[in-house]
Amino acid sequence: MNSTKQLIIKYLLSHCDEWVSEKDLFFETHLDYEEIFQIINNLKENEGYKIIVRKDRYYKFLNNYSLKTDIINFYSQYKFSNNLLVFKKVDSTQKLAKRISQKNTLKEPSIIVTDEQTKGYGRHGRHFYSPSVTGLYFSIIFPNWSNNLSKNELLTIDIAVIVIKVLERFFPDEDFKLKWVNDIYLKNFKVAGIITDIFSKTDGSNNLIVGIGINLTTKKFPKYLVHKATGINGQININRNKLLAQILQEIIDHHRSPKHFLNDYRKRSMILGKKITIQLGNSVMKCTAQRIEENGYLTVKDRFGNLKTYSAGEIVRIKW
Ligand SMILES: O=C(O)CCCC[C@@H]1SC[C@@H]2NC(=O)N[C@@H]21
């Protein structure tokens, strides 16, 4: 971050919700006062930054609703400056990640983030409702992925734990739970989902694309979701840029030096010890969830007392 605009953003962000004088900004940037005023005015009027400008030219930066590259970079200590793409609206960050994977040879993990999706999707091709600025919708491309089912399962589990732990820090009063494999629930409602897609390139290499959708403040859901999904908290003015930056930072750190979080996962499971109905392909089975194995697979006990272990499946019902 080194342009004058970025220096100003950085200073305002480090003094978020405080009044900052032109003199402070002058010492920080060495720009003349008029230039400072013009840059701030442009950020406010044309780039959607929320800045209050007082008549005596004091400025206050407010928590921004929209996702902004500079703000995410600030909160993540500029860890992924060149590998972060931020959009207002896309069809799906997951689809866009596939298009980017097709056209480019990536060396580093790359992140695609948007304020809104028109065709967000989840597992089994289901629509993922992604209205503007009330959630977080993003995909991470991990290039040159050695495709291996159990490695993928474990990564999904680790990422689910990372997301839930960051959410717990931001919403300390909420009791988030995990539904195997990768859904995050609050009470009986889904608040977040994770999907992993393998994208095979023509040169034989694979990219892993992890897509994460979180309903933060969404209040109104389409009819078919009203009894299934909820926003975490419709009242809170949450700092989405900061929340996203922390999740991304922890996922990228984990990718660099992986360690598994199975015990954290088990602790937050909403199914262990419960009677569940699991869908496996076209059939469904009633059973009891026994344990999550070291490779992330689920072991259940069927009604005849037999233990069975599954790498994938959808839990369609939990008996409380
Ligand atoms: O619930 C699921 O089955 C997974 C939902 C994943 C949704 C996210 S939102 C960002 C990314 N883009 C998509 O189209 N899907 C994922």
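The figures here come from the full heavy-atom set of this structure, side chains too, leaving out hydrogens, waters and symmetry mates. Start at 1 with the first residue, then count along the sequence. Atoms within a ligand are numbered from 1 in the order they appear, just like the ligands themselves. Quick caveat: nothing in here was measured; it's all calculated off a predicted structure.
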- Message: Please list, in number order, the atoms of ligand 1 under 4.0 Å from a heavy atom of G122.
- Response: 2 (C), 3 (O), 4 (C), 5 (C)
- Task: Could you see which bit of I194 sits under 4.0 Å from ligand 1, with heavy atoms only: side chain, backbone, both or neither?
- Result: backbone
- Do other residues, nucleotides or ligands put more than 12 heavy atoms under 6.0 Å from K301 NZ? no
- Quick one: which ligand 1 atoms are inside 4.0 Å of a heavy atom on G193? 1 (O), 4 (C), 5 (C), 6 (C)
- Number the atoms of ligand 1 from 1 as they appear, then name those within less than 4.0 Å of a heavy atom of G120, with their elements. 14 (O)
- Query: Counting only heavy atoms not in K201, do more than 12 sit closer than 6.0 Å to its NZ atom?
  - Reply: yes
- Query: In terms of side-chain geometry, is the basic nitrogen of E47 or K5 positioned less than 4.0 Å from the acidic oxygen of its partner?
  - Reply: yes
- Selection from F128, Y121, Y137 by shortest heavy-atom distance to atom 16 (C) of ligand 1: Y121
- Would you say K190 touches ligand 1, if touching means a heavy atom closer than 4.0 Å? yes
- Ligand-side contact atoms (ligand 1) for residue partner F138, heavy atom cut-off under 4.0 Å: 10 (C), 11 (C)
- Ion pair present between E250 and R169, side-chain N to carboxylate O less than 4.0 angstrom? yes
- Message: How about CG on D203, more than 12 heavy atoms from neighbouring residues, nucleotides or ligands closer than 6.0 Å, or not?
- Response: yes
- Item | F61 six-ring face occupied by K44 cation (under 6.0 Å, within 45°) | no
- Item | For Q94, atoms of ligand 1 separated by under 4.0 Å from a heavy atom | 11 (C), 12 (N), 13 (C), 14 (O)
- Item | Atoms of ligand 1, numbered as shown, that sit under 4.0 Å from any heavy atom of S92 | 12 (N), 13 (C), 14 (O)
- For the residue pair F26 and Y33, categorise the inter-ring angle as parallel (less than 30°), tilted (30 to 60°) or perpendicular (more than 60°). perpendicular
- Query: Of all the heavy atoms in S139, does at least one lie under 4.0 Å from an atom in ligand 1?
  - Reply: yes
- Write out the residue and atom name of the closest protein heavy atom to atom 3 (O) of ligand 1, then the distance separating them to 0.1 Å. R123 N, 2.7 Å
- Closest non-hydrogen protein atom to atom 11 (C) of ligand 1, residue and atom name please, with distance? T93 OG1, 3.2 Å
- Message: Starting from atom 9 (S) of ligand 1, what is the nearest protein heavy atom, named by residue and atom, and what distance separates them?
- Response: Q117 NE2, 3.3 Å
- Would you confirm whether the ring centroid of H255 sits within less than 6.0 angstrom of the ring centroid of F142? yes
- Item | Note: K89-D115 ion pair, threshold 4.0 Å (strictly below) | no
